[in-house]
Amino acid sequence: MRCPYCGSIKDRVTDTRASEDHRSVRRRRECLSCHKRYTTYETIEQKPLYVIKRDGSRQLFDRDKLIQSILKSCAKRPIPTQVIEDLVTAIENDALGANKREIGSQEIGEQVLERLRSIDDVAYVRFASVYRDFDDVDSFFAELQRLREEDRS
């Protein structure tokens, strides 16, 4: 590791910890030349995950984009941001854990709906209205009816 202050490659690790999300290791280092301290993070290099859009195009999976779309459906609802971040992490981990290099946007949408359903009904309906692209009030109402029937059973 090269010291960001003097450029020396001689250092020692003074502390090692797992990050909060347990996806990286935080290392506190001290340069043996200038004696300044700095922090580095070590992560596993993963193969990129691509999303196949409805039109057949491919994009890199963007967790921030997914979080933002879910946050819109959760506006003014009592849902902590951490719950949404955990939901997106679970979807991403499912895909990577299955050694998928590509995942369809429809599959992501269905997984979001499945998980939102157990978190908040209003957020679920809001996300479904955009994701399923309801054509009219009747299709929206049919989704609400289906929700009610599931709640009763």
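Values below: all heavy atoms of this structure, side chains included; hydrogens, waters and symmetry mates excluded. Being a predicted model, the structure only gives us computed values, none of them experimental.
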> Side chains of S139 and R132: closer than 4.5 Å at any heavy-atom pair?
Replying inline: no
> Where do E110 and Y131 come nearest, in terms of heavy atoms and distance?
Replying inline: OE2-CE2, 3.3 Å
>> Under a 4.0 Å threshold between the charged nitrogen and the carboxylate oxygen, would D94 count as salt-bridged to R115?
In response: yes
> Minimum heavy-atom separation for L66 to S69, with atom names?
Replying inline: O-OG, 2.8 Å
>> Looking at every heavy atom in both C34 and C31, which two are closest together, and how far apart are they?
In response: N-SG, 3.4 Å
> Would R63 and E85 pass as an ion pair if we require N to O under 4.0 Å?
Replying inline: no
> Taking all non-hydrogen atoms of both residues, which atom of L32 and which atom of H35 are closest, and how far apart?
Replying inline: O-CE1, 3.6 Å
> Distance-only, no hydrogens or angles: does the T16 side chain make a donor-acceptor pair with backbone N or O of R27 under 3.5 Å?
Replying inline: no
> Heavy atoms, side chains only, cut-off 4.5 Å: are C74 and I84 in contact?
Replying inline: yes
>> Is there a continuous path of hydrophobic side-chain contacts, each under 4.5 Å between heavy atoms, that joins V83 to V88?
In response: yes
>> Looking only at the side chains, is there a donor atom on one of Y124 and E143 sitting less than 3.5 Å from an acceptor on the other?
In response: yes
>> Please say yes or no: joined through hydrophobic side-chain contacts below 4.5 Å, possibly via intermediate residues, are F127 and V125 part of one cluster?
In response: yes
> Does the side chain to side chain contact (heavy atoms under 4.5 Å, CB included) test come out yes or no for V25 and Y41, once each step is laid out?
Replying inline: CA-CA 6 Å; V25 175; Y41 291 90; over 6 Å; no
>> Please give me the minimum heavy-atom distance between L116 and L87, naming the atom from each residue.
In response: N-CD1, 4.2 Å
>> Contact between R54 and S105 at the side-chain level, heavy atoms closer than 4.5 Å - yes or no?
In response: yes
> I108 and I103: side chain to side chain contact (heavy atoms under 4.5 Å, CB included), yes or no, with the steps?
Replying inline: CA-CA 7 Å; I108 292 172; I103 185 170; 3.7 Å; yes
> For R2 and G7, which heavy atoms make the closest approach, and how far apart are they?
Replying inline: NH1-O, 2.8 Å
> Is K36 salt-bridged to E30, cutoff N-O under 4.0 Å?
Replying inline: no
> R29 and T39: side-chain donor and acceptor closer than 3.5 Å?
Replying inline: no
> Under 3.5 Å, is there a donor-acceptor pair between the Q82 and D86 side chains?
Replying inline: yes
> Got T14 and R37 here, is their nearest side-chain heavy-atom distance under 4.5 Å?
Replying inline: yes
> When rounded to the nearest 0.5 angstrom, what is the spacing between CG in L113 and CD1 in I70?
Replying inline: 9.5 Å
> Is a salt bridge present between R26 and D15, judged by a nitrogen-to-oxygen distance below 4.0 Å?
Replying inline: yes
>> Counting C-beta onward and ignoring hydrogens, is there a side-chain heavy-atom pair between K47 and K100 closer than 4.5 Å?
In response: no
> Going hydrophobic residue to hydrophobic residue with side-chain gaps under 4.5 angstrom, can you get from Y5 over to M1?
Replying inline: yes
> CD1 of I79 to OG of S73: how many Å apart, nearest 0.5 Å?
Replying inline: 7.0 Å
>> With rounding to the nearest 0.5 angstrom, report the CD to CG distance, E150 to D121.
In response: 9.5 Å
> When clusters are formed by joining ILVMFWY residues with side-chain heavy atoms under 4.5 Å apart, either directly or through shared neighbours, do I119 and L144 land in the same one?
Replying inline: yes
>> Test side chain to side chain contact (heavy atoms under 4.5 Å, CB included) on Y38 and C3; report intermediate values, then the result.
In response: CA-CA 8 Å; Y38 55 97; C3 174; 4.1 Å; yes
>> Counting neighbours of CG on L60 that are heavy atoms of other residues, nucleotides or ligands and sit closer than 6.0 Å, is the number greater than 12?
In response: yes
>> Under a plain distance cut-off of 3.5 Å, with no hydrogens placed, do S8 and S33 share a side-chain donor-acceptor pair?
In response: yes
> Step by step, would you call R126 with K72 a side chain to side chain contact (heavy atoms under 4.5 Å, CB included)?
Replying inline: CA-CA 8 Å; R126 288 176 179 170; K72 287 177 187 174; over 6 Å; no
> Under 4.5 Å between any side-chain heavy atoms of L71 and I67, yes or no?
Replying inline: yes
> Does a side-chain heavy-atom distance below 4.5 Å link F61 with E92?
Replying inline: yes
>> If hydrophobic clusters are built by linking Ile, Leu, Val, Met, Phe, Trp and Tyr wherever their side-chain heavy atoms come under 4.5 Å apart, do I52 and V112 end up in the same one?
In response: no
